[in-house]
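Reviewing the structure listed below.
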Amino acid sequence: MRIDVLTTFPEMFATSPPAALGVSIPGRAAALGVVNVVATDIRAYAENKHQKTDDRPFGGGPGMVMMCQPLWDAVHAVEAMDPAPATRVLLSPQGERLTQSHVEELARQPRLLLIAGHYEGIDERVIESLAPREVSIGDYVLSGGELAAMVLIDAVARLLPGVLGDEGSSGQDSFGEYAVPVSKKATETRRLLDCPHYTKPREWMGRGVPEVLLSGDHGRIEAWRLEQRLARTRARRPDMLPPG
Ligand code: 6GU
């Protein structure tokens with residue numbers, strides 16, 4: 001999957017030395033050639049003398065606004081670099097909150113084009129004309145969309161085929177989907193938080209591990225893990241479960 005990032009801070013996506021996207025799972029995805037992140041400087045497409053990408057807001061007020069022309073031209077130039085159609089995503093605190101379901105949907109696209117805004121905002125006319133999906137990573141304010149773009153790239157890359165060593169393991173994380181029994185006959189699919197995990201030693205500072213995990217009984221272990229996932233989700237994220 002080719003993932004373009006349009007930014008005025010392309011150095012945040014530098015690959016040598018390896019940084020956020022060059023290590024761990026996103027680094028493996030890149031090394032395998034499963035994702036190819038291409039950062040492009042919006043400034044390079046600014047047609048004005050000083051390669052300016054922002055200007056003062058009409059109506060006054062603090063901060064600067066990203067201008068239409070550099071972003072519009074950058075999007076079209078970058079899209080023309082590869083025939084695969086790009087799903088346009090604008091990272092913005094005004095966007096729809098990113099969830100694991102959105103990440104899964106984005107991971108099924110052939111190509112993504114991420115736009116990281118900076119400044120107070122982007123001229124609304126170019127947003128309307130580009131019609132990107134608008135995505136926020138949470139209810140707090142970042143200085144720009146670049147870190148949010150990296151969050152999205154990390155979350156997408158780990159879902160692509162071949163990236164995680166153990167093929168099953170992305171389904172077993174927090175926000176993975178689980179079949180939860182709701183009656184004697186029926187189950188429903190729910191997204192749940194993860195269960196607690198333990199490893200050696202069997203006793204640490206006087207604390208043991210749940211006996212069931214040492215039992216070797218895979219049926220009991222999986223039933224316990226599902227119970228723990230449900231209890232944790234109920235306690236910490238009741239909004240993820242139906243009321244009751
Ligand atoms: Cl996507 N961008 C910015 N600037 N701030 C954010 C955000 C994005 N998501 C949460 N806060």
Side-chain angles (χ1 to χ4, degrees), residues 1-14 19-22 24-26 29 35 37-46 52-59 61-72 74-75 78-79 86-109 111-160 173-175 191 193 236-237 239-240:
M1 175 191 275
R2 173 168 170 149
I3 305 181
D4 287 284
V5 186
L6 296 190
T7 168
T8 49
F9 295 91
E11 64 274 25
M12 287 180 73
F13 296 84
L21 299 177
S24 187
I25 291 164
V35 288
V37 176
V38 182
T40 297
D41 191 350
I42 299 167
R43 197 176 308 278
Y45 293 90
K52 216 164 61 113
T53 57
D54 62 328
D55 211 328
R56 291 156 68 192
F58 281 129
M64 300 289 271
V65 176
M66 187 176 283
M67 297 187 295
C68 293
Q69 179 276 319
L71 181 56
W72 176 262
V75 167
V78 161
E79 284 183 351
T87 296
R88 297 172 180 167
V89 179
L90 171 62
L91 285 310
S92 143
Q94 274 97 57
E96 194 181 353
R97 185 95 67 85
L98 185 66
T99 63
Q100 192 64 19
S101 328
H102 296 135
V103 172
E104 287 164 7
E105 189 191 338
L106 293 172
R108 291 192 290 267
Q109 308 304 308
R111 182 182 177 194
L112 301 178
L113 188 156
L114 310 182
I115 302 166
H118 244 267
Y119 317 117
E120 277 316 292
I122 299 177
D123 190 313
E124 192 66 18
R125 295 168 296 182
V126 71
I127 299 175
E128 288 174 3
S129 298
L130 291 171
R133 300 179 56 155
E134 286 192 61
V135 167
S136 163
I137 63 163
D139 293 344
Y140 42 81
V141 180
L142 302 172
S143 306
E146 286 80 6
L147 290 172
M150 287 190 214
V151 165
L152 193 156
I153 292 167
D154 181 306
V156 165
R158 59 197 305 290
L159 296 184
L160 298 178
D173 295 312
S174 286
F175 308 107
R191 289 191 186 269
L193 298 182
R236 300 183 185 189
R237 290 294 305 276
D239 59 295
M240 290 170 63

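Everything numeric here is computed off the predicted structure, so don't read it as measured data. Scope of the values below: all heavy atoms of this structure, side chains included, with no hydrogens, waters or symmetry mates. Atoms within each ligand, like the ligands themselves, are counted from 1 in listed order.
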Charged N to carboxylate O under 4.0 angstrom, [X] versus [Y]?
X	Y	value
Glu104	Arg191	yes
Arg88	Glu79	yes
Arg56	Glu120	no

field: Stepwise salt bridge (charged side-chain N to carboxylate O under 4.0 Å, His left out) test for Asp54 and Lys52
entry: CA-CA 6 Å; Asp54 62 328; Lys52 216 164 61 113; 5.7 Å; no
query: Does any N or O in the side chain of His102 come within less than 3.5 Å of the main-chain N or O of Arg97, such that one atom is a donor and the other an acceptor?
result: yes
query: With Tyr45, which residues qualify under ring-ring contact (aromatic ring centres under 6.0 Å, His included), at least two apart?
result: none
task: Return the option from Ala149, Pro93, Gly121 holding the heavy atom at the smallest distance from atom 2 (N) of ligand 1.
output: Pro93
field: Per atom 8 (C) of ligand 1, closest listed option by heavy atom (Ala116, Ser92, Gly144, Gly95)
entry: Ser92
field: Ala148-ligand 1 polar pair, N/O distance under 3.5 Å
entry: no
query: Looking only at N/O atoms, are Tyr140 and ligand 1 under 3.5 Å apart anywhere?
result: yes
task: Can you sort out the partners of Asp123 under salt bridge (charged side-chain N to carboxylate O under 4.0 Å, His left out), two or more places apart, ordered by chain and number?
output: Arg125
Closest protein heavy atom (residue, atom, distance) for [atom]:
atom	value
atom 9 (N) of ligand 1	Ile137 N, 3.0 Å
atom 4 (N) of ligand 1	Leu142 O, 3.2 Å
atom 10 (C) of ligand 1	Gly138 O, 3.0 Å

- line: In ligand 1, the atoms that come under 4.0 Å of a heavy atom of Val135 are 1 (Cl)
query: With a cut-off of 4.0 Å, which atoms of ligand 1 are near a heavy atom of Leu91?
result: 1 (Cl)
